[in-house]
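Have a look at the structure below, then the notes.
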Protein chains: 2
Amino acid sequence: MEQVVADERTARAAWSGLVEPGDDVAGTLIATLGASDAWNRLTAAVRGGLDDDGVVAGVRALLPDASAGAAARLERAVRRWAPRLGRPAPTGATGVRVVVPGDDDWPAGLDDLGPCAPPCLWVRGEVRAVRGTVAIVGSRAATTYGERVAYDLAAGAADAGLLVVSGGAYGIDAAVHRGAHARPGGTLVVLAGGVDRSYPSGNASLFEAVLSAGGALVSEVPPGALPTRSRFLQRNRLIAAIGAACVVVEAAWRSGALSTAHHAERLLRPVGAVPGPVTSMASAGCHRLLREGVAVCVTDGAEVVELAGAIGPDAVPAVEDVRRPTDGLDEVGRRVLDALGTRVARSSQDVAQAAGLGVAETLGAFGLLELEGLAEREGKGWRRSSKMT
Amino acid sequence: MEQVVADERTARAAWSGLVEPGDDVAGTLIATLGASDAWNRLTAAVRGGLDDDGVVAGVRALLPDASAGAAARLERAVRRWAPRLGRPAPTGATGVRVVVPGDDDWPAGLDDLGPCAPPCLWVRGEVRAVRGTVAIVGSRAATTYGERVAYDLAAGAADAGLLVVSGGAYGIDAAVHRGAHARPGGTLVVLAGGVDRSYPSGNASLFEAVLSAGGALVSEVPPGALPTRSRFLQRNRLIAAIGAACVVVEAAWRSGALSTAHHAERLLRPVGAVPGPVTSMASAGCHRLLREGVAVCVTDGAEVVELAGAIGPDAVPAVEDVRRPTDGLDEVGRRVLDALGTRVARSSQDVAQAAGLGVAETLGAFGLLELEGLAEREGKGWRRSSKMT
């Protein structure tokens, strides 16, 4: 990988093959010098080998003005990068593009990661986010309930035009893509390994369906890279950053989905959690997020859209309670109505006493109840309207 | 009811038969004059009849210093009380006691209702609240899930010594009493009608079981009084006031249990809501309370006790996450472990490159992993410990 590179895109791709996800020293170097200048200085610096004098000299060449502390961090970073410098540069794969900051399809939310942002994304398919984005995540070990709700929430969000972001795992992730991929917003699958690998293989046909429907698979590691444990954990920060909000559908008490939620919280994204039966361990992590005040309770697609969107246009419409004929009554009217029988008419004196009201108040209420069709006269007394029973 | 009464207990019992629950004018009059003085002045004032001059003169006699506005409110109140003044005073029933403020078994929380507090409680059985109280309420139209959770939460709270308070309805209320009545804290059933009536009749044997176990039935209306709609709504304020906290187990979007929760909120009681499947309409009201920030998420008996109790002694112990052998590893150790194979040993150079780490860092991590029993040497390379796989 030691050839001189002139353009930023090629240099960012090279950096993505050199460093592990989330390497903030690399991110700072790229932000300070530009990706190609940083790359060329690095390869020049270690050309002389990694004996102590060589590294110290190399680090000085990278950032001549670095403080002693920064130089020491840089030296450690160069030592961890060096073993990979002998490998060939990542070459990409058929149908895989390199997307960098400034490109139309670079997810703007990634910039909030600062120096921990990936140097580039490796992309299969099209990243579109016309109206906004939302991350919907959850456990591999999902229940039928969780998968059904994940499908419905994702479908509702994508129907509203939101790009739905999730991982590529079995369980909730897969249900999310199934619910959203063929709808207006579409879906984005963020993988921990290379986008040319279908991992897990059982989701290969789902990934193809996402691509056929105009969605995308993305990763910060080059084609061919393995999905290691630490890459899975780092991948979660990308999902959290790309989404404008993060919803957890099912998560056990200790779950990777909770790490995504906490990344979202640190990025000041709104976090939602879907409740479930308290008897279900698969919902224990969601209830933990609710109890700790990290997440708000989310129960349907409209509430997902509200969480991810602007407060005005995307707010959930207030639920219109079903109107009942008695809704307009005041306390006096209700009490009088309660005191009326359905079959036998009662005198106003009797009704007043039963309702704990004055006779004049009671007579006034009769008038209103009659107008509303709730009560009717019979002889000298009153009873409930027969239409109401 | 027009006889002169000399003692406060008898006067409060008489007031409870005269006014409807929550009558704040009666409450203010009793607080200002004392129950017997207020009663005797009232009966004297209306002895002359309720023609306009009589009422105005009577009101003046009740509170000579009342402002014009207060006098007008008093006059309306006297007019609504008058129709019942001709009835005999409530006489009680076998095994029913009158409990008034200052009695040992007067629930102190009722005082927070101010002028809306009941003049007295009519009580069957014993009110005990050794360690504290909690209200647990919910819908009549409960699911099997809701009844099971209600039973478990109530049992947990009563096992911790809390007196559990609820209504007497089918569904959640009944499950609460079933769960708690035979445990140390016991239960209190707050009825909307007289405590001599078993309403609903299907819960009669449950009420007897509560009494046999040392619990109580209480009401603010005298024996014989009907449970009317407005009395049910007012009854909810008593449940909310008696409990030091209020937990809603299941409630539809529009439910009496929500009115209890809102009473508790206004009384500055902590409110909890038990989540359930978002697909269950019986949990929609609980999710509404969570979304609106009225309630915190409650999932087990320990969390109920925490909600109702002092912060220190009753706090839910932090859940000890299950320790894994890899929990002590730092990022470098994790990455090196990830890069090791289980069968084939790899050289330190290979492992460093796979993990994206320097060779020296990698060698240091091998030492720690070996100490933890996570990795082992083989020839010149390293692999995961066979004990770990």
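Residue numbers start from 1 in every chain, and the chains themselves are labelled A, B, ... in the order their sequence lines are given, proteins ahead of strands.
- No donor-acceptor pair under 3.5 Å is formed between the side chain of Gln353(B) and the backbone N or O of Arg84(A).
- Contacts between Ala355(B) and chain A at a heavy-atom distance below 4.5 Å involve the backbone alone (N, CA, C, O).
- Each of Arg229(B), Arg148(B), Arg76(B) has some count of heavy-atom pairs under 4.5 Å with chain A, and the biggest count is that of Arg229(B).
- Ranked by heavy-atom pairs shorter than 4.5 Å toward chain B, the options Cys297(A), Ser230(A), Ala352(A) are led by Cys297(A).
- The line from CG of Asp338(B) to CG of Leu226(A) is 10.5 Å long, rounded to the nearest 0.5 Å.
- Only the side chain of Glu331(B) comes within contact range of chain A, with heavy atoms under 4.5 Å apart.
- Contact of Ala77(B) with chain A is not made at all, since no heavy-atom distance falls under 4.5 Å.
- Per-residue heavy-atom pair counts under 4.5 Å with chain B were compared for Thr362(A), Thr279(A), Leu290(A), and the maximum is reached by Thr279(A).
- With chain A as partner, the option from Ala354(B), Ala360(B), Cys286(B), Gly146(B) having the largest number of non-hydrogen pairs under 4.5 angstrom is Ala354(B).
- Interface remark: Val149(B) contributes side-chain atoms only to the contact with chain A (heavy atom separation under 4.5 Å).
- Interatomic distance, CD of Glu303(B) versus NE2 of His287(A), reported as 10.0 Å (0.5 Å rounding).
- In this structure, chain A has a heavy atom under 4.5 Å from the side chain of Glu361(B), while its backbone stays farther away.
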